[in-house]
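Okay, so here's the structure we're looking at.
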Protein chains: 2
Amino acid sequence: MKTDSGVAPGTATLRGKAAAAPQTGRQRLMAAALQLAATTRSLASLGLREVARQAGLNPNTFYRHFKNFDDLGLAVIEELAGELRQGLRERRRRPLGDALRLDAAKDPLELMRRAEGIIQESVALVLEFVTEHQQAYVVGIRELHGTSPVLRGALRKVFDELATDMAEDMLEIVPPQFVDAQAVHGIAAVVIREMAFYSLDYLEQPARRDQIRTEAQRFILMLLWGGMAMRMPQVLAARAR
Amino acid sequence: MKTDSGVAPGTATLRGKAAAAPQTGRQRLMAAALQLAATTRSLASLGLREVARQAGLNPNTFYRHFKNFDDLGLAVIEELAGELRQGLRERRRRPLGDALRLDAAKDPLELMRRAEGIIQESVALVLEFVTEHQQAYVVGIRELHGTSPVLRGALRKVFDELATDMAEDMLEIVPPQFVDAQAVHGIAAVVIREMAFYSLDYLEQPARRDQIRTEAQRFILMLLWGGMAMRMPQVLAARAR
DNA sequence: CGGCAAAGTAGACGAGTGTCTACGACGATG
DNA sequence: CATCGTCGTAGACACTCGTCTACTTTGCCG
């Protein structure tokens, strides 16, 4: 009856499993739920026994650690959100030194030209990060529009935090004279959402990856242009002198 | 046991139900599935018997009309997509007469000022339309990121068609000299996606509706600005003369 | 060593599910 | 009138599910 999914962990058998086996039962359950949600169905509609089976545990073990499925979902989201946020921040910081900081005195066209390069790197980094965390990303974007209000709220908060981070970084690159500081957060939020969307395509259609990558870059650049043009067309115009 | 959801339709009882009762069993099943998917869980994870119960039909009736749940989902999507596309086209056409067509000869700033008004109306119309088709919209955006590849593909096609329509209309308003014709489709696609996102908020948070509305307007305007600025910063600059 | 709480297991319960085969109603078409 | 395909119904099958109570294992702390 025991098929192939999980190995019985209880008594004495092997403890290091296939790929970086989580040790505590709680973590095993979370990992199993994430994997199932990424491949089979929505997180909230998973079966208690299904997850336990995937984790190689007794169904009742679930009750020891979680009471709801929302509870488990929240735990998974919380764990992954921290990792994702930290990872993105690390990577986003890396390529930008103080040397690259764009001077406010320079004209906007020069600014945009250099921003283009930075965006190129950023998009590459995000997409690279996404490929390393496929399951988390797929499930995240799924549940963002899912049925559980609890998970939706949690994920919305996560995405908002990511947007805040990105806005902060954007304001470091593009001086606030050129864009409405409040609008920057809006831009970042849209970029985050759209990047998540692009990421789905990116993961599912490996053949079109280059195309998707440049598409994403163009989109972000366009948003930045729009933000600047809306704020100060006269600056753009002034450059023509 | 029979609670309140559906009335037995079979033999002789009343035939006109509460609100615009669908007549054929197939339609009843589709309506029931839509309603359940909008309120309870994802379309693919619905129960066969659950839907039949909601429709007030025998579980086995499902088999007469659909074989899969993907099958039912496709039928629902197809029906609603037609209605939605047609409805949006009708409404989008209405407020734009030939009188409002923006002259290519005019300078971009004047063009954008008038585009702002048009966008204002368009956003209002879309949101109004959305409130009239809450269920369809919620389910649509849900399944766009859902688990069934079949439904995802179908919905992606629907969204793409909507984007094509919108791009077509945008090119009627904004002459192609000002924006890259290919980029317009991209802009439209993003607008459609983001509008769907805004719509969820719009439906769920009636208190913030005005805020969301203006936010959406700003976003679209910004995208348009970005598209123009990216294409021809020199045009914007030229206006300063 | 003794005890105790946390973690995991075992088995059983009623309820709900997908699917199958068989049967009744009904409107067309000949 | 007979017949046939469509639509809806009825009952049953094996299965999974969530939840409950009771038991065993494990590791920790004094």
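Chain A is the first sequence line, chain B the second, and so forth, proteins listed ahead of strands; every chain is numbered from 1.
- The side chain of Asn58(B) approaches dT9(D) more closely than any other nucleotide in the set dT9(D), dT17(C), dG18(D).
- Residue His65(A) places no side-chain N or O under 4.0 Å from the OP1 or OP2 atom of dA6(C).
- Within the 4.0 Å cut-off from OP1 or OP2 of dT9(D), at least one side-chain nitrogen or oxygen of Thr61(B) is found.
- For Arg64(A) and Arg49(A), each mapped to the nucleotide of DNA chain C holding its nearest heavy atom, the one lying further toward the 5' end belongs to Arg64(A).
- For Asn60(B), counting side-chain heavy atoms from C-beta on, the closest listed nucleotide (dT9(C), dC17(D), dT21(C)) is dT21(C).
- Atom CZ of Phe62(A) and atom P of dA7(C) are 14 Å apart (whole Å).
- Nucleotide dC7(D) holds its P atom 12 Å from the CG atom of Leu29(B), rounded to whole Å.
- The side chain of Tyr63(A) approaches dG18(D) more closely than any other nucleotide in the set dT9(D), dG18(D), dT17(C).
- Listed nucleotides dT17(C), dG18(D), dT9(C) differ in distance to Glu50(B); the shortest reach to its side chain belongs to dT17(C).
- What separates CG of Leu72(B) from P of dG18(C) is a distance of 12 Å, to the nearest Å.
- Residues Ala52(A) and Pro59(A) come closest through the heavy atom pair CB-CA, 3.6 Å.
- Note on Arg53(A): a side-chain N or O is less than 4.0 Å away from OP1 or OP2 of dC17(D).
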